[in-house]
There are 2 protein chains.
Amino acid sequence: MVNPAKFDRQQVVEQAMLLFWQKGFHATSMRHLQQAVDLRPGSLYATFGSKEGLFREALQQYAAHGERLLAQLHAQEGSALRALQLFFHQAIIEQGGRAPSRMCLLAKTVAELTDANAELLAEARRQLKRMEQAFLRLLQQAQSDGELALGCLPEQLAPFLQMQMMGLRAYMQMSCDPAAGERMLQQVFMPLRVVPS
Amino acid sequence: MVNPAKFDRQQVVEQAMLLFWQKGFHATSMRHLQQAVDLRPGSLYATFGSKEGLFREALQQYAAHGERLLAQLHAQEGSALRALQLFFHQAIIEQGGRAPSRMCLLAKTVAELTDANAELLAEARRQLKRMEQAFLRLLQQAQSDGELALGCLPEQLAPFLQMQMMGLRAYMQMSCDPAAGERMLQQVFMPLRVVPS
DNA sequence: TTATGCCTTGAACAGTCGTTCATGTTCAAA
DNA sequence: TTTGAACATGAACGACTGTTCAAGGCATAA
């Protein structure tokens, strides 16, 4: 390497991701991104190729962060079901006001984009499916640990959880009412409780 | 009226709404709208004032159509709970592929817009709240008709239903799998079933 | 028929979009 | 010290954005 780049690629993607998360793909201009990451167009285009390229990496970084958090919660709590519950609580209640948006960036992207950006749309869908599979693994673990009633079907519960995650965060974006979020969060996890014998 | 307009205002709003529904606010250009409704910029701006003005009317027309459909289902079915169920089924399963988007236009708008378009964002939130109140009235009706267990709390169930409506349609936008939609739809309405005594 | 106001038209505006590229800078290897 | 490849810079590109407006068409009232 003759002359290494002077910026941290991951840090640039992180800043770009936060901006995309806040304003969405179309409303985020390259001018604004250039200012946010403090890079001139030449450097950005040499590194990411296009606005779409930068957005794709932002999506991947966002999803990777989510998966990492879920695994970390599982490790530190021991319980798979408790990890899921904490993950939901964190995404919906705690991070609510601090994050650039109350909604999931992947869900926002699936909502905003069309076939006109087919690759990005497919990438967002793929990452959402990955998260759903992570939910599935945790639910299976919970079941074999006896945390989840044997009558439950993790293969049906995982998409159901994913659906409710998207719904909860979309609802929060609409109402901005933490109390309602907390109440519905309990309603979501109520049927997962194993009845004490 | 000296020289009345030659176009049908409601029809224009309808066409614009379909385009906004498909592509979102930012990705829909006035040029494209002008072509879709076959009007020149002067007429559009004289009638709606701005892109935002046209979008606001599109949101209102969309919401009005939803409320009308819900009332019509209630009238023709007699049962409030059955009306809700049909409404969900129609929005999520049937209209799925035919509509410009699998998602709700109001939810898409809340997901896409920011404070940069505060009035439009507020309008979308208001219309979503109106729908939730329509849900609430039907749930109360169902309860007093004995369709809904007395233990249920319509004031908690209505936001829960709204949340799941948003979640279901967002999930469908992600997976495009009608079977999964049908399955989750049953899961949503399962706890509402009154147990036969 | 003329006069009066509304409606329609399409060219044009200033601004912004994503993107390119010639130019200048930096730094390890020769 | 010279060389040369990788990187940084910012002006500039053509296309497109939302919006305006002068000019012309139209239908009613006088």
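In what follows, every chain begins at residue 1, and chains take the letters A, B, ... in the order their sequences are listed.
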Atom-to-atom span, [atom1] of [X] to [atom2] of [N] - whole angstrom:
X	N	atom1	atom2	answer
Q35(B)	dG10(C)	CD	C1'	15 Å
L44(A)	dC17(C)	CG	P	14 Å
D38(B)	dT8(C)	CG	C1'	12 Å
L33(A)	dT19(C)	CG	P	11 Å

*Smallest separation among heavy atoms of A83(B) and L70(B), with atom names*: O-CD1, 4.2 Å
*A158(B) versus L139(B), closest heavy-atom pair with distance*: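 Distance-wise, the nearest heavy atoms are N-CD1, 3.6 Å.
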*Using a heavy-atom distance cut-off of less than 4.0 Å, which residues of residues 111-122 of chain B contact DNA chain D?*
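Contacts with DNA chain D under 4.0 Å: none.
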_Members of residues 6-17 of chain A that approach DNA chain D, where some heavy atom sits under 4.0 Å away_ =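 K6(A), F7(A) - these, ordered by number, are the residues of the stretch whose heavy atoms sit under 4.0 Å from the strand.
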Please check: side-chain N/O of [X] versus main-chain N/O of [Y], any donor-acceptor pairing under 3.5 Å?
X	Y	result
R102(B)	R169(B)	no
E123(B)	Q60(B)	no
K108(B)	F20(B)	no

Show me the donor-acceptor pairs, under 3.5 Å and distance only, between side chains in residues 36-43 of chain B and residues at least two apart or in other chains.
from: D38(B); atom 1: OD1; to: R40(B); atom 2: NH1; distance (Å): 3.4
from: D38(B); atom 1: OD1; to: R40(B); atom 2: NH2; distance (Å): 3.3
from: R40(B); atom 1: NH2; to: D38(B); atom 2: O; distance (Å): 3.2

*Report yes if a side-chain nitrogen or oxygen of S43(A) is closer than 4.0 Å to either non-bridging phosphate oxygen (OP1 or OP2) of dA8(D); otherwise report no.*
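For dA8(D), OP1 or OP2 has a side-chain N or O of S43(A) closer than 4.0 Å.
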_Pairs satisfying ring pair (Phe, Tyr, Trp, His ring centres under 6.0 Å), at least one member in residues 123-179 of chain B, at least two apart_ =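 Output for this query lists F88(B)-F135(B).
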*When you check the side-chain N and O atoms of S101(A) and Q173(A), is any donor under 3.5 Å from an acceptor?*
yes
*Would you mind listing every salt bridge (Lys or Arg N to Asp or Glu O under 4.0 Å) that reaches into residues 69-84 of chain A, with sequence neighbours excluded?*
E77(A)-R82(A)
_A side-chain contact here means heavy atoms from C-beta on lying under 4.5 Å apart; do Q35(B) and R31(B) qualify?_
no
*CG/D8(A): more than 12 non-hydrogen atoms of other groups inside 6.0 Å*: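 Atom CG in D8(A) is packed in, count exceeds 12.
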Every protein N/O within reach of nucleotides 18-20 of chain D N/O, cut-off under 3.5 Å:
from: dG18(D); atom 1: OP1; to: T28(B); atom 2: O; distance (Å): 3.4
from: dG18(D); atom 1: OP1; to: K51(B); atom 2: NZ; distance (Å): 2.8
from: dG18(D); atom 1: OP2; to: M30(B); atom 2: N; distance (Å): 2.7
from: dG18(D); atom 1: N7; to: R31(B); atom 2: NH1; distance (Å): 3.2
from: dT19(D); atom 1: OP2; to: Y45(B); atom 2: OH; distance (Å): 2.6
from: dT19(D); atom 1: OP2; to: K51(B); atom 2: N; distance (Å): 2.9
from: dT19(D); atom 1: O5'; to: Y45(B); atom 2: OH; distance (Å): 3.1

